[in-house]
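Each remark here refers to the structure printed beneath this line.
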Amino acid sequence: MSNILIVAETQNGAIRECSYELVTLAQSLGGTVKSLVIGSGVGDLASQFAGKGGGETFVADDAAFANYSVDAWNKAIRAGVEASGADVVLISNTPQGWDVAPRIAAGLDVAFVSDCFNAEDQGGKLVCFRRVFNGKLDAQVTCGAGKAVLTVQPGSKEPFSGSGDGSTTALSVDLSGVRSKFVEIKQAESTGIDLTKADVVVSGGRGVGDPEKFPEVILPLANALGGAMGASRPVVDAGWLPHAHQVGSSGQVVTPKLYIACGISGAIQHLVGMKNSNYIIAINKDKDAPIFEVANLGVVGDLFEIVPALTAAVKAAKG
Ligand SMILES: Cc1cc2nc3c(=O)[nH]c(=O)nc-3n(C[C@H](O)[C@H](O)[C@H](O)COP(=O)(O)OP(=O)(O)OC[C@H]3O[C@@H](n4cnc5c(N)ncnc54)[C@H](O)[C@@H]3O)c2cc1C
C-alpha cells in the first residue's frame with residue numbers, strides 16, 4: 001500500500017478509541033499513514049493524534065464542522081483524499097462511518113468494503129476480511145486496482161498506544177452547496193439501568209427464544225448474583241427488552257467481574273461490548289459457537305436446563 005488515510009472521529013472533546021484502532025490496522029498494511037481530523041476547534045486533538053501514530057494529519061477546522069453533517073464531512077474527506085493522495089481510506093464502522101463512507105466511495109467511483117475486522121496487503125492486493133452469516137463465516141474480499149474505502153468494526157484491533165513523528169496541515173474545504181444540516185441531538189431517556197456499573201452481567205440472546213423467558217430464566221440468575229440483566233441486539237430489536245440492556249458495538253460496552261452469556265452466538269459486534277470482562281462464562285448448545293473463543297468457562301448445553309440449576313445453586317450457596 002502506498003498512502004493510507006485514516007478518518008479520525010471525535011466525541012466529547014476527544015479522539016475516539018476506534019480511531020487509534022485504525023492506526024493499528026493502517027500500520028499493519030504498511031505504506032505511509034496519514035490522517036484527517038474534522039471538527040471545530042480541533043487543532044489540539046489533531047496534534048495529539050498526529051503524535052500518536054496518525055502521521056501527517058490534515059485538519060478540517062471550521063465552525064461548520066461543530067456538528068456532524070454528511071454533506072460537509074463528505075466534502076472534507078474528499079478534500080483529505082486529494083491532499084493525501086490516499087489509495088486506501090479507513091473509516092470506523094460507527095453510525096457516522098456508515099453514513100458517510102459509501103458516499104465517499106460512490107463519489108470517487110472506487111471499491112467500498114463495509115464492516116471489515118481486518119485487512120491485509122497480499123502481494124500488493126488489498127484483501128479485506130468481514131464476518132457474514134451472524135459470524136459463522138469469514139468472507140475475504142479482494143479489491144481490484146485503484147483506490148478503496150473501508151469501514152472497520154470498532155474493537156477488532158487493539159488501539160495503537162505508541163507514538164510517532166506526526167505533523168498537522170490545515171485543510172481548506174469548499175463548503176458551498178452543503179445541503180444537510182444539523183438539527184439536534186436527542187438523548188435516549190434513562191431507564192435507570194446502567195450495565196457499565198454492574199459487577200455481574202447475565203445476558204440472554206436470541207437463544208432464549210421468548211420475551212417471557214427473560215424474567216423467568218435470565219433475570220433470576222442476575223438477581224441471585226446481585227447483577228444486572230443484559231441482552232444481545234436481536235433481543236432488543238425484537239422489542240423483548242429496552243435498548244439500555246443491549247451489550248455490544250451499538251449498545252453498552254461492559255467490563256464486569258463476571259459476564260454470563262446465555263444463548264448468545266458471539267458475533268463480533270457483541271464481543272466488542274463484553275470481551276474485556278474479567279471472567280466470562282458462555283452457555284450455548286452449539287459447541288462451535290464463536291462465543292466460546294472468548295469464554296474462560298464454556299458450557300455446551302441447553303440454557304433452560306443449566307441457568308435455572310445455576311440460579312438454584314447460587315441461592316443455596318448464599319443460604
Ligand atoms: C452494525 C451492526 C451493529 C450491531 N450491534 C450489535 C450489538 O451492539 N450487540 C449485539 O449483540 N449484536 C449486534 N449486532 C448483531 C450481531 O451481528 C449478531 O447478529 C447478534 O449479536 C446475534 O445475537 P445472538 O447471539 O443473540 O443471536 P444468534 O446469532 O442467533 O445466536 C443465538 C445462539 O443461541 C444458541 N442457542 C439457541 N437455543 C439455545 C438453548 N436452548 N440453549 C443454549 N444456547 C442456545 C444458538 O446455538 C446460537 O449460538 C450488530 C450488527 C450490525 C451489523
Side-chain angles (χ1 to χ4, degrees), residues 9 18 21 91-102 112-117 128-139 150-156 188 193 195-196 201-214 216-218 221 228-255 259-277 280-295 297-311:
E9 219 176 283
C18 55
E21 294 168 12
I91 300 177
S92 294
N93 197 56
T94 58
Q96 205 167 294
W98 310 331
D99 193 33
V100 75
F112 174 55
V113 189
S114 66
D115 207 8
C116 307
F117 66 89
C128 307
F129 299 81
R130 36 195 320 270
R131 297 242 145 88
V132 291
F133 298 115
N134 277 334
K136 290 190 171 59
L137 294 178
D138 291 347
L150 275 55
T151 60
V152 181
Q153 184 55 234
S156 52
I193 298 156
L195 294 180
T196 61
V201 175
V202 181
S203 289
R206 188 152 32 200
V208 176
D210 184 331
E212 290 178 3
K213 297 294 180 197
F214 279 84
E216 276 176 27
V217 179
I218 306 298
L221 180 57
M229 180 168 66
S232 67
R233 179 164 160 171
V235 169
V236 173
D237 284 352
W240 297 355
L241 286 176
H243 184 257
H245 292 271
Q246 185 180 318
V247 174
S249 62
S250 49
Q252 304 279 327
V253 175
V254 299
T255 50
Y259 188 88
I260 307 183
C262 313
I264 294 178
S265 59
I268 187 166
Q269 294 91 351
H270 189 82
L271 301 186
V272 165
M274 44 66 73
K275 67 179 181 186
N276 290 327
S277 303
I280 298 170
I281 300 176
I283 302 165
N284 197 303
K285 64 182 186 185
D286 174 5
K287 68 175 177 39
D288 296 321
I291 191 79
F292 290 131
E293 287 168 23
V294 298
L297 176 67
V299 183
V300 180
D302 185 347
L303 74 92
F304 295 108
E305 288 172 17
I306 294 155
V307 176
L310 196 52
T311 307

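Here, residue 1 is the first one in the sequence, and each next residue gets the next number. For ligands, and for the atoms within them, numbers begin at 1 and follow the listed sequence.
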So for ligand 1, is [X] a polar contact partner (N or O within less than 3.5 Å, distance only)?
X: G263; value: yes
X: N93; value: no
X: D302; value: yes
X: V247; value: yes
X: S232; value: yes

For [atom], which candidate among [options] holds the nearest heavy atom?
atom: atom 42 (N) of ligand 1; options: L303, D286, T151, I306; value: L303
atom: atom 31 (O) of ligand 1; options: S265, G266, G251, P95; value: S265
atom: atom 8 (O) of ligand 1; options: Q269, K285, Q246, R233; value: Q246

* With a 4.0 Å heavy-atom cut-off (strictly under), which part of S250 contacts ligand 1: side chain, backbone, both or neither? ->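 Both backbone and side chain.
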* To do: Output the list of atoms in ligand 1 that are nearer than 4.0 Å to some heavy atom of W98, sorted by atom number.
  =>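 Reading through ligand 1 atom by atom, the close ones are 1 (C).
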* Contact with ligand 1 for G301, non-hydrogen, under 4.0 angstrom ->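 It does; at least one heavy atom falls under 4.0 Å.
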* Is it true that G273 lies under 4.0 Å from ligand 1, counting heavy atoms only? ->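 No heavy atom of G273 comes that close to ligand 1.
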* Please identify each residue that fulfils side chain to side chain contact (heavy atoms under 4.5 Å, CB included) with V236, with sequence neighbours left out. =>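 In terms of side chain to side chain contact (heavy atoms under 4.5 Å, CB included), with neighbours along the sequence ignored, V236 is linked to A231, H243, Q246.
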* Member of I218, I281, I280, L303 meeting the side-chain contact (heavy atoms from CB on, under 4.5 Å) criterion with I260 ->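 Output: one option passes, namely I281.
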* Which residues satisfy the salt bridge (Lys or Arg N to Asp or Glu O under 4.0 Å) test with E216, sequence neighbours excluded? ->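 Once residues adjacent in sequence are excluded, the partners of E216 under the salt bridge (Lys or Arg N to Asp or Glu O under 4.0 Å) criterion are K213.
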